[in-house]
Every structure is written in structure tokens, then in C-alpha cells.
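For the numbers below, each heavy atom of this structure counts, side chains included, while hydrogens, waters and symmetry mates do not. From a predicted model like this one, the values you see are computed outputs, not experimental measurements.
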Amino acid sequence: MLGFVSTDDQSLVSCLADPQRAVPAYQELLRRGEGVIGAVRAGLSHPDAAVREGCCRLLDHLVDVESMPALITMADDPDARVRVAAFHALACDRCKGDTCAPGPDRVLEPALRHLATDSSPLVRSMAAELVGKFVHVDARAVAALEASRAGDPSPAVRKKASWYAPGGSIYRRTAPPTPGRRPGRRPER
């Protein structure tokens with residue numbers, strides 16, 4: 001564990017920049033839990049992109065309502081790895097459930113913008129996931145995913161957009177149940 005037991009939280013966050021210590025520092029920060037959120041949130045403004053990326057990944061697990069505005073801001077970070085981690089943290093409900101997932105009023109606009117214009121296909125792919133969360137409730141999400149499915153320069157982004165766009169596998173799986181139909185059953189023909 002490289003002796004992190006007595007290391008303060010800010011020092012551990014700084015260790016995320018060191019390739020030799022990043023993984024154990026990340027694991028130790030996760031182990032310490034919610035008490036490190038202040039240091040992790042402060043790490044979002046660290047000059048090293050690896051620290052900012054690690055802090056976005058940590059906030060995916062140690063998420064709290066107060067961290068959401070800072071995490072949303074990270075979607076515009078100059079480093080693509082940080083933007084990917086920020087979009088993942090904003091889109092992923094596995095670790096946080098709906099306890100503090102931000103609504104479309106806060107995250108859809110940056111996700112739409114990055115899906116359409118980001119130079120990184122990885123960022124556009126993660127933005128598609130976040131846009132896809134709102135495809136059943138916002139026509140802008142439908143239009144953006146259909147445009148991406150039809151015209152993104154990256155085959156991987158086109159494929160992911162097709163999953164979330166109307167008719168796609170994730171779109172069908174996440175569709176709200178229709179009256180008279182039990183969830184998980186296909187309509188009879």
C-alpha cells in the first residue's frame with residue numbers, strides 16, 4: 001500500500017499524478033470514503049490532468065450533491081481524458097443510483113455540445129451515453145443521437161449512438177413501460 005495509512009488526503013490526491021503511486025492512492029482514497037470528498041473536489045483544479053481525471057473517477061463513486069456543479073464543469077476540461085471521466089461520472093448510475101444524478105437541465109446542454117463537436121471520439125462516445133439518459137424525455141436528445149448515428153466520423157461513436165437512439169437496443173431496454181404491457185415482455189404480434 002506504499003505507506004498511505006498516515007498520509008493526509010491532499011497528499012494522496014497529489015499522488016494520482018505519479019504513475020507508480022496512482023492506483024494505490026486511488027484505492028486508499030476510495031477506502032477512506034466520504035471524508036475525502038473535500039480533497040477530491042479540490043483536486044479537480046490541480047494543474048496535472050492525471051489528478052483531475054482521477055478525481056472525476058473518484059467522484060463517480062464518492063458522489064454527493066455538492067460536487068455535481070464541479071463535475072459538470074469538468075466536462076469542459078482541456079484534457080480529453082478528464083472530459084471522458086467527467087462524462088462517465090455524470091452518466092453512470094451504477095455507483096450512485098438516482099440519489100443525486102443531475103437532471104437534463106444541468107447536463108444535457110454540455111453533453112449535446114460535446115457529442116456534436118468534441119475532437120475526441122472517446123469524449124463523444126461518453127457524451128452519447130449521457131445524452132442517451134434523456135432520449136425518452138427530450139427531443140433534442142433524440143435529434144442529437146440520430147445525427148451522431150448517421151454522421152459521426154467515428155464508427156465507434158456511430159455504433160454507441162445507435163444503441164441509445166430510437167430503435168436501438170438500449171433505447172428499447174430503457175423505454176418506459178406502456179400501459180397494459182408488463183416490463184421486459186415484447187408485445188405480441
Side-chain angles (χ1 to χ4, degrees), residues 26-27 30 33-34 53-77 80-189:
Y26 181 89
Q27 292 170 340
L30 269 182
E34 294 177 3
E53 176 190 11
C55 288
C56 287
R57 289 182 21 240
L58 283 160
L59 286 174
D60 182 29
H61 298 278
L62 304 172
V63 69
D64 67 330
V65 174
E66 292 79 29
S67 296
M68 279 299 138
L71 199 51
I72 293 166
T73 300
M74 299 313 291
D76 290 320
D77 192 88
R81 296 169 301 165
V82 176
R83 295 192 306 273
V84 166
F87 276 119
H88 173 80
L90 292 168
C92 179
D93 291 333
R94 193 171 349 176
C95 302
K96 57 188 134 324
D98 287 333
T99 56
C100 63
D105 58 315
R106 298 180 67 195
V107 297
L108 186 55
E109 202 56 50
L112 291 169
R113 183 170 26 88
H114 284 276
L115 178 58
T117 64
D118 202 283
S119 60
S120 167
L122 292 174
V123 174
R124 293 194 309 275
S125 181
M126 287 310 304
E129 282 190 32
L130 186 53
V131 171
K133 285 182 68 167
F134 307 108
V135 71
H136 297 288
V137 296
D138 196 301
R140 296 174 302 162
V142 172
L145 289 166
E146 288 177 336
S148 183
R149 173 178 63 188
D152 194 278
S154 167
V157 176
R158 290 193 306 268
K159 182 177 184 177
K160 186 172 267 187
S162 75
W163 296 343
Y164 288 92
S169 59
I170 296 176
Y171 178 88
R172 290 190 311 268
R173 187 176 73 226
T174 59
T178 55
R181 185 176 146 227
R182 291 188 310 209
R185 293 196 61 191
R186 294 180 182 258
E188 294 184 22
R189 294 180 187 224

I need the minimum non-hydrogen distance between [X] and [Y], along with the two atoms involved.
X      : Y      : answer
Leu71  : Cys56  : CD1-SG, 4.0 Å
Asp152 : Leu115 : OD2-O, 4.2 Å
Phe134 : Pro104 : CE2-CD, 3.4 Å
Ala141 : Leu108 : CB-CD1, 4.5 Å
Val107 : Pro110 : O-CD, 3.3 Å
Pro155 : Pro153 : CD-O, 3.6 Å

If you define the side chain from C-beta out and look only at heavy atoms, does anything of Tyr26 sit under 4.5 Å from Arg57?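 In short, these two side chains touch, coming nearer than 4.5 Å.
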In the structure I gave you, are the side-chain heavy atoms of Glu109 and Arg140 within less than 4.5 Å of one another anywhere? yes
Got a second to check how far [X]'s [atom1] is from [Y]'s [atom2], nearest 0.5 Å?
X      : Y      : atom1 : atom2 : value
Ser162 : Ile170 : OG    : CD1   : 9.0 Å
Met74  : Glu53  : CE    : CD    : 10.5 Å
Arg124 : Arg158 : CZ    : CZ    : 10.0 Å
Leu58  : Ser67  : CG    : OG    : 11.0 Å
Leu130 : Ser125 : CG    : OG    : 12.0 Å
Ile72  : Arg106 : CD1   : CZ    : 4.0 Å

Output yes when a side-chain donor or acceptor of [X] lies under 3.5 Å from a complementary backbone atom of [Y], and no otherwise.
X      : Y      : answer
Arg83  : Val123 : no
Ser148 : Ala144 : no
His114 : Ala75  : yes

For Tyr171, which residues count as a ring-ring contact (aromatic ring centres under 6.0 Å, His included) partner, sequence neighbours excluded? His136
What ring pair (Phe, Tyr, Trp, His ring centres under 6.0 Å) pairs are there with at least one residue in residues 142-164, not counting sequence neighbours?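 Listed by first then second residue: nothing to list.
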Asp118 bridged to Arg113 by N-O distance under 4.0 Å: no
